[in-house]
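Working notes, beginning with the structure itself.
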Amino acid sequence: MPDRTIDLRSDTVTHPTPAMREAMYGAELGDDVYGEDPTVNRLEELSAERLGKEAAVMLLSGTMGNLVGILAQTRHGDEAIVGAHSHIFLNEAGGPAALGGVQLHTVPTQRGVMTPDAVEGALRDPRNLHHPRSTLVCIENTHNRDGGAAVPVQAMDTVADVAHRNGLRVHVDGARLFNAAVALDVPIARLVRGADTVQFCLSKGLGCPAGSLLVGDAAVIQEARRWRKMIGGGLRQSGIIAAAGVVALEQMVDRLAEDHRNAKRLAQGLNSIPGLVVDVDAVDTNIIMLDVDDQRVDPKSFVARLREQGVKIGSPYGPRIRLVTHYQVTSDDVDFTLRAAEHALDLVAA
Ligand code: TLP
């Protein structure tokens with residue numbers, strides 16, 4: 001067994017920091033279904049304030065935040081426009097269709113960006129009886145499958161303008177929105193100014209054990225609370241979770257820049273190993289997409305050999321493998337990973 005483990009599979013693997021554990025231990029609690037958990041209330045207020053919106057509601061996960069955000073802004077039979085590689089479309093078990101009767105209409109994205117033409121081209125004609133109603137556009141920022149791409153303000157604004165001009169609302173899947181804001185060096189509230197709802201995760205780069213927030217205007221958040229209750233997400237003394245969230249917002253945001261620096265250095269190092277290819281310029285945040293480009297190397301065996309040395313990376317899809325940095329990955333871990341990758345490649349190619 002290796003004496004060291006470096007887990008680069010995702011930033012979801014992070015454990016709460018000592019400050020979070022302390023805050024959780026000492027959290028002031030109440031029954032949140034009665035709206036009486038002061039710690040949840042504080043986290044919700046803080047989140048709304050940070051994102052420049054009226055209100056927020058805490059949910060268990062990003063998937064629940066996206067689902068409730070979609071359900072609160074659509075009716076059965078409506079259509080939501082989403083990126084073809086979006087997490088909502090690929091990785092949320094068909095929730096909008098199964099639970100909301102919402103059909104997803106996919107459009108291409110380039111580094112997370114949807115063109116206004118693509119969105120306009122996906123709009124249905126409200127006067128045509130054959131068409132579903134287009135009611136929502138969902139933007140993912142950062143974009144996971146597109147390699148953690150930070151979608152710039154202007155691209156966010158443009159899509160929001162097209163949506164609003166046509167009577168649609170805008171939901172942002174901001175599982176890693178703070179990474180985007182830090183990478184783009186833009187105030188987070190500015191980044192989501194055009195959004196009607198935004199979901200962001202506490203349990204990715206921000207290091208919490210669980211939790212997501214959905215923010216928006218007071219009416220939509222009230223509607224989201226109703227949906228949350230219906231799907232069994234109304235929790236009681238959930239200040240235990242919220243306490244970590246407050247610490248995350250206060251202590252874990254600015255340091256994301258360090259994860260981005262580590263990701264960049266890891267990307268550069270991997271790309272300099274013959275047989276491995278990374279588009280280093282495309283590494284905006286904490287996600288690296290690595291391609292194995294050596295006929296002799298089966299990506300699955302490469303991943304397995306790395307794991308034997310204590311380095312866990314994503315499962316390959318085709319030749320492509322994802323690596324994610326986070327606060328539990330140090331600069332020294334980056335050096336160790338690079339040495340291990342070189343060694344693993346030698347073993348597999350031999
Ligand atoms: N993504 C996970 C996996 O599901 C792929 C990861 O390891 O990256 N939106 C985006 C953009 C996400 O990347 C994720 C999680 C979610 C939503 C869902 O969040 P959770 O896992 O909290 O339901």
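Remember, it's 1-based here, ligands and their atoms both numbered in the order they're listed. Nothing fancy with the numbering, it's 1 onward along the sequence.
Any N or O atom pair closer than 3.5 Å counts here, and H87 shares at least one such pair with ligand 1. By the 3.5 Å distance cut-off applied to N or O atoms, S10 is counted among the residues near ligand 1. The shortest N or O to N or O distance between D173 and ligand 1 is under 3.5 Å. Polar contact check, G62 against ligand 1: a nitrogen or oxygen pair lies under 3.5 Å apart. The shortest N or O to N or O distance between T63 and ligand 1 is under 3.5 Å. Not one N or O of S212 is nearer than 3.5 Å to an N or O of ligand 1, by distance alone.
At a heavy-atom distance under 4.0 Å, only side-chain atoms of R322, from C-beta outward, approach ligand 1. Residue contacts with ligand 1 for H143 are absent, since no atom lies close enough (heavy atoms, distance under 4.0 Å). Only the side chain of R176 comes within 4.0 Å of ligand 1, counting heavy atoms alone; its backbone N, CA, C and O stay farther away. Residue T142 does not touch ligand 1, judged by heavy-atom distances below 4.0 Å. Of all the heavy atoms of K204, the ones lying under 4.0 Å from any atom of ligand 1 belong exclusively to the side chain. Here S61 has heavy atoms under 4.0 Å from ligand 1 in both its backbone and its side chain.
Each of the atoms 11 (C) of ligand 1 lies under 4.0 Å from some heavy atom of E140. Of all atoms in ligand 1, listed by their number and element, those nearer than 4.0 Å to a heavy atom of A175 are 9 (N), 10 (C), 11 (C), 12 (C), 17 (C). For ligand 1, the atoms lying closer than 4.0 Å to a non-hydrogen atom of N66 are 17 (C).
The shell of residues lying under 4.0 angstrom from ligand 1, judged by heavy atoms, includes N144. Using a 4.0 Å cutoff on heavy atoms, E92 counts as a contact of ligand 1.
Between the side chains of T325 and N262, no donor N or O sits under 3.5 Å from an acceptor N or O. In this structure, a donor-acceptor pair under 3.5 Å is absent between the side chains of H326 and T14.
Counting heavy atoms from C-beta outward, L235 and L60 have side chains that approach closer than 4.5 Å. A 4.5 Å side-chain heavy-atom check between R124 and R133 finds every atom pair outside the cut-off. Looking only at side-chain heavy atoms (C-beta outward), T285 and R176 stay at 4.5 Å or farther from each other. V170 has its side chain within reach of H164: a pair of non-hydrogen atoms, C-beta onward, lies under 4.5 Å apart. Counting only heavy atoms from C-beta outward, the side chains of E92 and H87 approach each other to under 4.5 Å.
Taking the centre and axis of the six-membered ring of Y327, the NZ or CZ atom of R255 falls outside the cone set by 45° and 6.0 Å. Remark: R145 is not positioned above the aromatic ring of F89, lacking an NZ or CZ atom under 6.0 angstrom from the ring centre and at most 45 degrees off the axis.
Residue E22 qualifies as open at atom CD: its count of foreign heavy atoms under 6.0 Å is 12 or below.
The CG atom of L184 lies 11.5 Å from the CZ atom of R190; values are rounded to the nearest 0.5 Å.
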